[in-house]
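Just so you know, these numbers come straight off a predicted model, no measurement behind them.
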Amino acid sequence: MRAREKAVSNAFEKQISVIQGPPGTGKTQTILNIIANILIQGKTVIVVSNNNSATANVLEKLEKYGMEFIVAALGRRENKEVFIHNQPVVPENLLSWRLSLGDKANRYRENNAILSKLQEVFQFQEELAVIKQELKAIGLEWEHFKQVNSLEEDSYEPKCRMKSKRLMKLWLQYQAYAEGDMMVASGEVRKLKDRIKWA
């Protein structure tokens, strides 16, 4: 989803932007979002493709939303003739679609609030994807570790129960010791405390 938002932004910020991806990844929906933003600005837009299926997909989606009357499906001579002889009917209540300045301001605030929430969701999705990749990598490391050490059990049960927060803190301290980023305890009392803690 974040990629779609970026694609729409790039379409307006860059002179040329490319949207590519396999079927079902939302390219047509992204094109519709770009078209909607262009129309809101009171401008016109032309959608072209080297095959009819791509432009047909856009028209099909616009028909789904009842917006086919804004489209002139041209291109080949046959398409032009069909359009001229079968122009779509413009809704009679089209003028009532205009919003007052107050309603426009309200919609603008509502849309910004929704966009802000969506951006948070997109950020969480990206973080989740990174965590899943890290988890997968850890799983592969664990499988490799089991093979190298001839371990057969898939789980390890510690002798004493410890909260994950405490365990993580000890792990980070141990890592700092191992990498030489933490000073080794000096004095008998301090050494004794560390031994008790690590035990």
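No more than 12 heavy-atom neighbours from other residues, nucleotides or ligands sit within 6.0 angstrom of OH on Y108. The environment of E127 atom CD is dense: over 12 non-hydrogen atoms of other residues, nucleotides or ligands sit within 6.0 angstrom.
Remark: S9 OG to I34 CD1 distance equals 9.5 Å, nearest 0.5 Å. Rounded to the nearest 0.5 Å, atoms CD (Q119) and CD1 (I114) are 12.5 Å apart. Considering CG of N57 and CG of L32, their distance stands at 9.5 Å, rounded to 0.5 Å. Separation of atoms CD1 (I35) and OG1 (T28) is listed at 9.5 Å; rounding is to 0.5 Å.
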Do any side-chain atoms of residues 128-135 form donor-acceptor pairs under 3.5 angstrom with protein atoms, and if so which ones, sequence neighbours left out?
none

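Shown here are the side chain to side chain donor-acceptor pair (under 3.5 Å) partners of N112, two or more places apart in sequence or in another chain: there are none. With sequence neighbours excluded, the residues forming a ring pair (Phe, Tyr, Trp, His ring centres under 6.0 Å) with F145 are W142, listed by chain and number. Annotation: side chain to side chain donor-acceptor pair (under 3.5 Å) contacts of N10 (sequence neighbours excluded): none. With sequence neighbours left out, E63 forms a side-chain contact (heavy atoms from CB on, under 4.5 Å) with L59, E68.
Taking every heavy atom of both residues into account, Q20 and K27 meet most closely at C-CD, 4.0 Å. Annotation for S17 and A11: closest pair OG-CA, 3.5 Å, computed over non-hydrogen atoms.
Taken together through direct or relayed side-chain contacts under 4.5 Å among Ile, Leu, Val, Met, Phe, Trp and Tyr, L62 and V45 form part of one hydrophobic cluster.
Using a 4.0 Å cut-off between a side-chain N of Lys or Arg and a carboxylate O of Asp or Glu, E143 and K146 qualify as a salt bridge.
Applying the side chain to side chain donor-acceptor pair (under 3.5 Å) definition to pairs two or more places apart or across chains, those involving residues 29-42 are Q29-N33, Q41-K43.
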